[in-house]
2 protein chains.
Amino acid sequence: MNRFAWKGQIYHTNEKRELEIFENSWVLCEDGICKGVFKELPEDWKDAVITDFGDRIIIPGLMDLHVHAPQYTYRGTGMDEELLDWLEKYAFPEEASYSDLEYAGKAYSLFVRDLRRSATTRASIFASKHVPATELLMEMLDRTGLKTYVGKVNMDRNCPDYIREESAEVSGNDTEKWVAETVDKFENAKPILTPRFIPTCSDEVMSRLGEIQKKYGVPMQSHISENPGEIAWVSELCPDTKFYGEAYDRFGLFGGENCPTVMAHCVYSSEEEQELIKKRGVWIAHCPQSNINVASGIAPVRSFLDKGLKVGLGSDVAGGSSLSIFRAMTDAVMSSKLRWRLVDSSLHQLSIADAFYMATRGGGSFFGKTGAFEEGFEFDAVVIDDFALYTPKKLSMHDRFERLCYLYTDSKIIAKCVAGKMIDLE
Amino acid sequence: MNRFAWKGQIYHTNEKRELEIFENSWVLCEDGICKGVFKELPEDWKDAVITDFGDRIIIPGLMDLHVHAPQYTYRGTGMDEELLDWLEKYAFPEEASYSDLEYAGKAYSLFVRDLRRSATTRASIFASKHVPATELLMEMLDRTGLKTYVGKVNMDRNCPDYIREESAEVSGNDTEKWVAETVDKFENAKPILTPRFIPTCSDEVMSRLGEIQKKYGVPMQSHISENPGEIAWVSELCPDTKFYGEAYDRFGLFGGENCPTVMAHCVYSSEEEQELIKKRGVWIAHCPQSNINVASGIAPVRSFLDKGLKVGLGSDVAGGSSLSIFRAMTDAVMSSKLRWRLVDSSLHQLSIADAFYMATRGGGSFFGKTGAFEEGFEFDAVVIDDFALYTPKKLSMHDRFERLCYLYTDSKIIAKCVAGKMIDLE
């Protein structure tokens with residue numbers, strides 16, 4: 001048995017999205033599984049490996065439900081277009097570069113390094129359409145110890161020649177070969193089906209992905225209801241659907257017990273779409289910064305949470321400029337205030353606890369049982385030294401945590417653990 | 001004569017708010033005054049002190065037109081209230097602590113240290129109502145070499161006993177004594193009249209401040225049209241005014257040639273108020289993050305700029321959580337996109353050049369002739385090493401700059417100069 005016990009200032013959220021704070025307490029891990037939080041170290045744990053982190057903060061690892069690895073190279077640039085033009089002008093040309101495996105290696109090594117050093121422990125990641133580069137990314141990610149889903153992207157229509165897949169058949173064959181090769185290859189990096197979005201995926205490709213999904217039982221990720229122009233386009237492309245979500249659902253690629261699915265955005269999901277999301281148990285990846293940067297709008301997240309939909313956060317690099325899920329947390333809170341002020345004052349702003357819940361338990365459930373320090377949960381944890389944020393004001397434990405979320409860049413991650421295994425932070 | 005020449009990748013904005021980029025160029029400084037930018041070092045400058053910063057970025061110093069020094073202790077906390085409740089719950093109790101000069105010393109030393117190390121070269125700063133702590137802050141700031149205006153705050157009504165000034169007379173007398181003492185005391189830190197805002201300042205105090213302003217010729221700063229509840233309150237308090245700005249103007253405290261004035265926010269300034277702002281040459285301190293955090297809304301900055309109003313940026317700590325004007329720049333761009341999407345699609349989003357203009361020339365003009373590398377401008381400059389942002393993608397010079405603005409926390413300031421004098425960055 002591999003047992004260790006950490007002492008520190010422990011924070012997580014409970015199922016009711018409340019912040020729970022355990023001052024000077026112990027959190028225990030046995031064979032990768034959390035054994036709970038205790039005020040005193042239990043008698044029978046005295047010979048476990050013990051680390052006293054003192055006044056430092058211990059939180060569950062953060063979860064990134066939506067991020068584009070090949071776009072990491074240009075994050076923080078190209079902030080002058082709406083979604084569809086932004087794809088043509090920035091995303092597609094850069095993603096085309098990943099046909100060059102040497103370039104992919106250089107670019108992905110930076111993405112992987114920075115994700116490894118961040119507070120994120122698990123992520124659901126878009127690669128590009130290229131199988132070799134996607135497999136390289138999976139290899140690199142696997143070695144970090146982070147738990148990731150990685151998707152080779154499908155796109156066989158409505159995009160420039162230089163990035164479009166040759167045909168629906170090639171797209172499907174490439175995907176099946178890649179899934180078959182990688183589904184059991186890595187311990188930590190797993191394949192996830194990744195049709196880019198309905199506009200770039202023909203019915204033939206979607207239908208084939210539906211078959212692959214059934215055959216291999218892999219999960220699924222895509223985009224939905226992000227931007228008014230995009231939604232109108234999908235409605236034209238799929239005249240037989242009542243709403244965007246149906247365009248995935250009719251191929252069996254929209255949740256349900258055997259097809260865990262995460263959909264990014266839902267800025268403009270109709271009531272009917274939300275009902276289907278709930279019925280199928282689809283996870284929503286809320287990406288507040290990206291929704292601002294490509295001028296999409298603000299998703300009604302408070303309403304999703306109150307209705308019991310499953311919501312996590314996504315950095316959505318490079319629609320988002322930052323890989324940090326702390327930043328996504330504060331962007332979610334800030335966006336919700338503007339939505340309250342400018343769109344719908346019946347929906348209260350999100351609290352920092354709501355945001356923390358989404359960043360941990362909310363997104364964590366997509367990866368299994370993780371995202372909190374509860375007995376039986378996989379043990380993902382991050383230890384943070386916030387001494388550089390020293391202030392003479394006596395802060396409550398709540399305020400200390402809120403401040404960390406807003407000012408995380410001035411703090412320092414000193415330990416990180418995924419499913420009980422330490423991650424190299426160098 | 002003190003002459004030096006710096007070589008590097010030079011960026012600034014011109015009067016038309018366009019980004020001007022000078023690759024591998026020289027910027028010259030003589031006795032604190034910029035002598036322009038040159039592709040080659042002029043022949044007669046060969047014996048000036050020369051520094052080749054290589055591939056590093058040189059920009060004008062950033063200007064913070066609105067920041068509350070005593071609130072720096074709790075930045076990033078208390079993000080759950082609208083303006084008026086936020087003042088009662090967070091701002092007032094903390095500001096009351098500055099009656100204790102020892103506490104003020106500890107707290108202000110952190111604010112001053114972090115401002116010194118930031119990319120900001122000049123700032124217009126609110127202190128608290130306390131004269132001794134305000135003078136201490138001025139002393140500390142003066143030693144840094146940054147150019148600052150610092151205001152002892154007036155507040156003699158509509159606030160809790162523990163922070164309210166004893167009477168209008170005490171408020172006025174304290175203020176006049178403080179102005180007289182400090183108006184010529186420091187080289188770099190200067191007094192600025194600072195009635196908190198109309199709700200907390202009686203007519204007697206405002207009238208007295210008007211007299212002090214005329215007598216000493218000091219500038220003036222306050223808040224205006226930030227929040228609907230605040231505006232309704234001012235309208236009740238001043239039934240004889242047509243709009244908020246008049247409540248300052250009737251005391252001669254709203255711009256004009258002899259009373260340089262900067263007003264924070266203008267989120268809800270009416271057309272009439274904007275006309276008076278223009279007529280009086282009042283500077284607007286746009287504080288996008290604060291306007292989100294206390295759920296105020298989004299100011300129509302694009303419209304202000306197009307009309308020729310004078311606009312700079314403010315961090316507005318602790319309504320804003322970050323002291324960084326880079327963050328204020330990207331928050332301004334991001335806010336403007338949401339305003340376009342959610343409020344008024346006739347106003348285009350701000351560009352990064354618009355934001356950079358506001359952060360440099362726009363705010364700079366409040367301090368004199370500074371904010372660009374033009375001949376005759378006071379030489380404020382910051383040199384930044386962005387190597388940690390390395391990407392294998394070939395970035396244009398424009399994109400490299402935009403990325404710096406979004407990701408500045410991952411870069412490093414290596415030199416900083418105010419009016420030709422180097423600032424200690426340790």
| query | Can B:R75 be said to sit on top of B:Y72's aromatic six-ring, NZ or CZ under 6.0 Å from centre and within 45° of the ring axis? | reply | yes
| Is it the case that B:S322 and B:Q289 place a side-chain donor and acceptor less than 3.5 Å from each other? | no
| Contact leader toward chain A among B:M334, B:K106, B:Q349, where contacts are heavy-atom pairs under 4.5 Å | B:M334
| By a 4.5 Å heavy-atom criterion (distance strictly below it), what part of A:S351 contacts chain B: side chain, backbone, both, or neither? | neither
| field | Under 4.5 Å from a heavy atom of chain A, the part of B:S396 involved | value | neither
| Top of A:V333, A:I298, A:L395 for chain B proximity - count of heavy-atom pairs under 4.5 angstrom | A:I298
| field | Criterion side chain to side chain contact (heavy atoms under 4.5 Å, CB included) on B:V67 and B:L115, from CA distance to verdict | value | CA-CA 11 Å; B:V67 54; B:L115 191 69; 5.8 Å; no
| Is any side-chain N of the basic residue among A:R56 and A:D385 closer than 4.0 Å to the acidic one's carboxylate O? | yes
| Does the gap between the ring centers of B:Y11 and B:F356 come in under 6.0 Å? | no
| said: Whether B:D344 and B:R302 form a salt bridge (side-chain N of Lys/Arg under 4.0 Å from carboxylate O of Asp/Glu) is what I want to check. | reply: no
| task | For the pair A:D399 and A:K394, find out whether any cationic side-chain nitrogen is under 4.0 Å from an anionic carboxylate oxygen. | result | no
| field | When A:L407, A:L342, A:I352 are compared by non-hydrogen pairs under 4.5 Å with chain B, the top option | value | A:L407
| remark: Honestly, the part of A:R341 sitting under 4.5 Å from a heavy atom of chain B is side chain
| field | Cationic N near anionic O, under 4.0 Å, A:D85 to A:K89 | value | no
| task | Please determine, among B:L350, B:I292, B:L404, the option with the most heavy-atom pairs under 4.5 Å with chain A. | result | B:I292
| Which one of B:S336, B:S335, B:P392, B:A295 has the most heavy-atom pairs closer than 4.5 Å to chain A? | B:P392
| field | Selection from B:T77, B:V294, B:D410 maximising heavy-atom pairs under 4.5 Å formed with chain A | value | B:T77
| note | So, the part of B:F401 with a heavy atom under 4.5 Å from chain A: the answer is neither
| said: Testing the basics here: between B:A69 and B:I125, what is the closest heavy-atom pair and its distance to 0.1 Å? | reply: CB-CG2, 3.7 Å
| Structural part of A:S97 lying under 4.5 Å from a heavy atom of chain B | neither
| note | Highest number of heavy-atom pairs under 4.5 Å with chain B among A:V343, A:L110, A:N293 belongs to A:N293
| said: I need the residue from A:M79, A:H398, A:E82, A:E94 with the largest number of non-hydrogen atom pairs under 4.5 Å to chain B. | reply: A:M79
